[in-house]
**Q** 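Following this message is one structure expressed as structure tokens.
Quick note on labels: first sequence line is chain A, next is B, and so on, each numbered from 1.
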Amino acid sequence: MIDIEIVRKNPDKIREMLVARNMQTELVDQFLAVDEDWRKLTSQLDEARALQNKLSSEKKIEEAKKNKEIIKDKESEIAQIEGRRYELILEFPNIPFGDVLKGKDESENKSIKTVGDIPKFDFEPKDHLDIGEALDIIDTKTASQVSGSRFAYLKKQGALLEFALIQYALNLLVKEGFEAVVPPVMIKPDVYKKMGRLSENQKEERFYLEKDDVYLVGSAEHTMGPLGMDKVFKEEDLPKRYVGFSTCFRREAGSYGKDVKGILRVHQFDKVEMYSFSHPEKSEEEHMFLLSMQEKIWGGLDIPYRVVEICTGDMGPTDARQFDIEAWVPSQKTYREVASCSNTTDYQTRGIGAKIKVGDKNQYVHALNATGIVIGRTIIAILENNQQEDGSVLIPKALQKYTGFEIIENSFGTN
RNA sequence: GGAAGGUUGGCAGAGUGGUCUAACGCGCCGCACUUGAAAUGCGGUAUCCCGGAAACGGGAUCGGAGGUUCGAAUCCUCCACCUUCCGCCA
């Protein structure tokens with residue numbers, strides 16, 4: 001969550017920020033009004049309690065009985081306002097760094113680096129679903145009957161490719177010193193809110209299990225961040241880098257068009273994720289490190305990609321700065337997002353209470369998250385970029401030791 | 001899912017209704033003594049909220065949430081977690 005102090009002392013800066021993010025600014029005044037009431041009531045309650053402590057120690061029992069009623073009234077009044085105040089503060093997104101690219105939406109993001117040559121085909125390249133169905137490694141038809149639209153079976157070499165990708169990314173990152181973790185995929189609402197991932201807008205995107213009052217995570221990030229919950233890090237602990245693997249669940253409400261086809265945008269996918277806690281003064285450096293890890297991963301796959309700087313209007317709500325990696329998708333003749341890399345500064349750590357002692361004062365550490373490798377979209381990129389005229393697909397060299405095969409051909413029912 | 005025991009400050013650990021602004025100890029920080037160190041002595045040593053430029057003042061917190069009481073670490077209820085046992089399961 002955002003620092004309440006900044007909203008109080010610098011509301012104009014916050015309004016500016018909301019405008020830059022294409023959000024409504026009345027949130028600021030709504031919050032300030034509630035906060036004002038809350039503060040007034042809080043000091044009234046504190047006074048009443050101070051009096052109660054005094055009366056009680058002086059054994060003025062009758063007076064204390066009367067005063068107790070006043071305390072009770074104030075408490076119930078405050079409870080309401082406090083709840084409202086908390087809900088409102090959760091709606092504020094993080095404040096972008098001052099030098100973040102200004103822009104209203106996706107169209108104003110800026111490509112800052114392009115790597116690899118776009119493949120030229122001397123035949124008409126097919127899209128990933130056509131390739132995957134012909135090879136019998138992707139099955140969305142059965143999945144839609146079993147689970148509904150936007151689910152898929154990965155089969156045969158497709159399934160094996162998933163495990164190879166996971167091994168590839170995991171090994172690479174563990175070698176770099178990341179600590180491996182398999183986090184829970186269910187999360188309690190209050191922790192989800194603390195992570196800044198359950199604002200009113202975001203609720204639509206989540207799967208919720210009512211009976212147990214838990215949400216399914218949209219990313220391993222969501223339960224990896226809480227590894228730092230209520231923790232005070234020592235300077236020498238940082239940066240603390242985790243690499244996690246989890247299935248991710250997303251409603252993908254409101255998407256349409258090309259993206260409904262195949263496995264580009266599905267309700268369930270697996271992902272390797274980096275999460276890092278950094279000294280507050282070194283998070284920009286750490287951000288670049290995580291981006292370099294992503295480039296190492298994508299560079300190793302020999303798939304053309306570009307690095308994109310995300311503008312203020314398109315950035316995630318928790319982010320102070322964001323980059324995406326986009327891989328070339330031949331059937332769409334464009335680059336599509338396959339990874340993102342975010343510095344959330346103290347936005348999530350304030351919520352979960354992850355701190356470091358600097359001098360004699362506690363300060364929030366910074367947290368960063370970055371995609372390690374995402375299964376569906378990476379498989380799309382491999383199938384489409386590495387397809388051959390006969391319908392077979394070549395496996396990138398770096399993956400071959402994990403797949404055990406170099407090519408996916410139609411093998412009529414066997415692995 | 002069932003049963004029993006537990007959860008107190010950085011650690012260890014006392015405390016079963018007011019003397020708790022939480023004992024004693026260890027650790028840590030500062031000062032004194034010392035050529036230096038050890039030992040010793042003295043003082044300090046949690047987090048959060050509100051007000052304040054600050055000094056400071058007030059409030060909250062003994063796993064969490066409610067309750068009883070003028071007053072709760074202490075009594076009651078529910079929940080979470082830990083330990084052990086039973087059941088079930090991969």
Side-chain angles (χ1 to χ4, degrees), chain A residues 1-11 31-90 92 163 181-196 198 209-215 222-223 225-238 240 245-247 270 277 280 346-365:
Chain A
M1 68 188 74
I2 202 169
D3 186 355
I4 287 175
E5 201 80 348
I6 296 176
V7 186
R8 273 185 202 149
K9 291 193 173 154
N10 225 332
F31 174 79
L32 288 176
V34 172
D35 185 55
E36 183 65 34
D37 287 348
W38 176 82
R39 277 198 285 176
K40 228 179 272 169
L41 282 167
T42 297
S43 63
Q44 286 170 10
L45 178 64
D46 283 353
E47 273 171 39
R49 278 180 173 155
L51 179 62
Q52 190 73 356
N53 289 341
K54 187 163 171 270
L55 292 175
S56 184
S57 70
E58 291 168 359
K59 300 275 192 296
K60 294 183 177 166
I61 292 172
E62 285 310 311
E63 281 176 68
K65 273 184 181 174
K66 280 182 209 153
N67 190 56
K68 191 184 168 185
E69 295 306 312
I70 295 172
I71 291 177
K72 271 190 174 166
D73 289 349
K74 290 284 172 220
E75 277 174 344
S76 67
E77 211 175 330
I78 263 184
Q80 283 189 346
I81 288 192
E82 211 160 39
R84 174 82 182 128
R85 177 174 175 267
Y86 185 58
E87 294 305 322
L88 282 172
I89 199 70
L90 290 178
F92 287 89
F163 297 119
V181 48
V182 180
V185 293
M186 296 185 199
I187 185 168
K188 296 179 184 179
D190 68 307
V191 181
Y192 223 175
K193 284 176 188 168
K194 288 174 178 177
M195 281 293 287
L198 199 62
L209 303 182
E210 195 171 5
K211 192 179 174 201
D212 304 282
D213 192 27
V214 290
Y215 286 87
H222 304 170
T223 40
L227 285 168
M229 195 153 66
D230 299 323
K231 231 183 186 157
V232 182
F233 288 93
K234 296 194 183 89
E235 203 140 340
E236 62 265 30
D237 296 337
L238 300 176
K240 179 71 203 171
F245 165 82
S246 88
T247 300
D270 293 335
F277 293 104
D346 60 1
Y347 188 82
Q348 293 185 317
T349 54
R350 181 174 293 103
I352 60 172
K355 299 173 182 179
I356 181 174
K357 199 147 210 165
V358 178
D360 60 348
K361 266 195 163 169
N362 280 338
Q363 215 178 315
Y364 294 110
V365 297

**Q** What is the distance from atom CD of A:Glu69 to atom CD1 of A:Ile71, rounded to the nearest 0.5 Å?
**A**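 The CD atom of A:Glu69 sits 9.5 Å away from the CD1 atom of A:Ile71.
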**Q** What is the distance, rounded to the nearest whole Å, between atom CG of A:Leu45 and atom C1' of B:C49?
**A** 11 Å
**Q** Determine whether A:Ile78 and A:Thr42 satisfy the following criterion, side-chain contact (heavy atoms from CB on, under 4.5 Å), listing intermediate values before the conclusion.
**A** CA-CA 7 Å; A:Ile78 263 184; A:Thr42 297; 4.0 Å; yes
**Q** Between B:C48, B:G59, B:U68, which nucleotide has the shortest distance from any of its atoms to the side chain of A:Lys355?
**A**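 The listed nucleotide nearest to A:Lys355's side chain is B:C48.
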**Q** What about A:Asp46, does its side chain sit under 3.5 Å from the base of B:G58 through a donor-acceptor pair?
**A**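 Side chain to base: pair found, below 3.5 Å.
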**Q** Give, for atom CD of A:Glu82 and atom CD of A:Glu75, the distance between the pair rounded to the nearest 0.5 Å.
**A** 10.5 Å
**Q** Is the phosphate of B:G58, meaning OP1 or OP2, less than 4.0 Å from a side-chain N or O of A:Arg49?
**A** no
**Q** Measuring only the C1' atom in each nucleotide, how far is B:A14 from B:C24? A whole number of Å is fine.
**A**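 8 Å, rounded to whole Å.
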**Q** Please determine whether side-chain contact (heavy atoms from CB on, under 4.5 Å) holds for the pair A:Arg39 and A:Arg8, giving the CA-CA distance in whole Å, both sets of side-chain angles, and the decisive distance to 0.1 Å.
**A** CA-CA 12 Å; A:Arg39 277 198 285 176; A:Arg8 273 185 202 149; 3.7 Å; yes
**Q** Under the criterion side-chain contact (heavy atoms from CB on, under 4.5 Å), I'd like the reasoning laid out for A:Asp346 against A:Asp3: C-alpha separation, chi angles, the key distance, then a yes or no.
**A** CA-CA 9 Å; A:Asp346 60 1; A:Asp3 186 355; 5.5 Å; no
**Q** From the options B:U47, B:G58, B:C49, select the nucleotide whose nearest atom is closest to the side chain of A:Thr42.
**A** B:C49
**Q** Measure the CZ-CZ distance between A:Phe31 and A:Arg84 for me, rounded to the nearest 0.5 Å.
**A** 11.0 Å
**Q** Please report the distance, rounded to the nearest Å, between CD1 in A:Ile78 and P in B:G66.
**A**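 Value for this atom pair: 13 Å.
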**Q** Looking at the side chain of A:Lys72, which of B:G59, B:C49, B:U68 is the nearest nucleotide?
**A** B:U68
**Q** If only side-chain N and O atoms of A:Asn53 are considered, is one of them under 4.0 Å from the OP1 or OP2 phosphate oxygen of B:G59?
**A** yes
**Q** On RNA chain B, does the nearest nucleotide to A:Ile61 precede the nearest nucleotide to A:Tyr364 from the 5' side, or the other way round? Give the residue.
**A**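 Mapping each residue to its closest nucleotide by heavy atoms, the 5'-most match is A:Tyr364.
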**Q** Between P on B:C48 and CD on A:Gln363, what's the gap in Å once rounded to a whole number?
**A**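 After rounding, the gap between these two atoms is 12 Å.
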**Q** Below 4.0 angstrom, N of the basic side chain to O of the carboxylate: do A:Glu58 and A:Lys60 qualify?
**A**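 Yes, A:Glu58 and A:Lys60 are salt-bridged.
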**Q** Return the CG to NZ distance between A:Asp230 and A:Lys194, rounded to the nearest 0.5 Å.
**A** 6.5 Å
**Q** Report which part of the nucleic acid A:Arg8 touches: base, sugar-phosphate, or nothing (heavy-atom distance under 4.0 Å, all strands).
**A**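 If one applies the 4.0 Å heavy-atom cut-off, A:Arg8 turns out to touch the sugar-phosphate alone, with no base involved.
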**Q** What is the distance, to the nearest angstrom, from the CE atom on A:Met229 to the P atom on B:U47?
**A** 20 Å
**Q** Could I get the full list of salt bridge (Lys or Arg N to Asp or Glu O under 4.0 Å) partners for A:Lys231, not counting sequence neighbours?
**A**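 Applying salt bridge (Lys or Arg N to Asp or Glu O under 4.0 Å) to A:Lys231 gives none.
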**Q** Can a side chain N or O of A:Lys60 be found less than 4.0 Å away from OP1 or OP2 on B:C70?
**A**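 Looking at the OP1 and OP2 atoms of B:C70, neither is under 4.0 Å from any side-chain N or O of A:Lys60.
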**Q** Mind checking the C1' distance from B:A80 to B:A65? Whole angstroms is fine.
**A** 10 Å
**Q** Angle class for the A:Phe233/A:Phe277 ring planes (parallel below 30°, perpendicular above 60°, tilted otherwise)?
**A**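 Ring orientation of A:Phe233 relative to A:Phe277: tilted.
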**Q** If a pair means Watson-Crick or G-U wobble with both distances below 3.5 Å, what does RNA chain B look like in dot-bracket form, with | marking bases paired to a different strand?
**A** ((((((((.[[...)..(......]]((((((.......))))))((((((....)))))).[[[[[..)....]]]]])))))))....
**Q** Can you identify which nucleotide, out of B:C70, B:G18, B:C49, has its nearest atom closest to the A:Lys59 side chain?
**A**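 Taking heavy atoms from C-beta onward, the closest nucleotide is B:G18.
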**Q** For the pair made of CD in A:Glu69 and C1' in B:U68, what is the distance, rounded to whole Å?
**A** 14 Å
**Q** Could you pull out the protein-nucleic contacts involving nucleotides 71-81 of chain B (nitrogen or oxygen on both sides, under 3.5 Å)?
**A**
| from | atom 1 | to | atom 2 | distance (Å) |
| --- | --- | --- | --- | --- |
| B:G71 | O4' | A:Ser56 | OG | 2.9 |

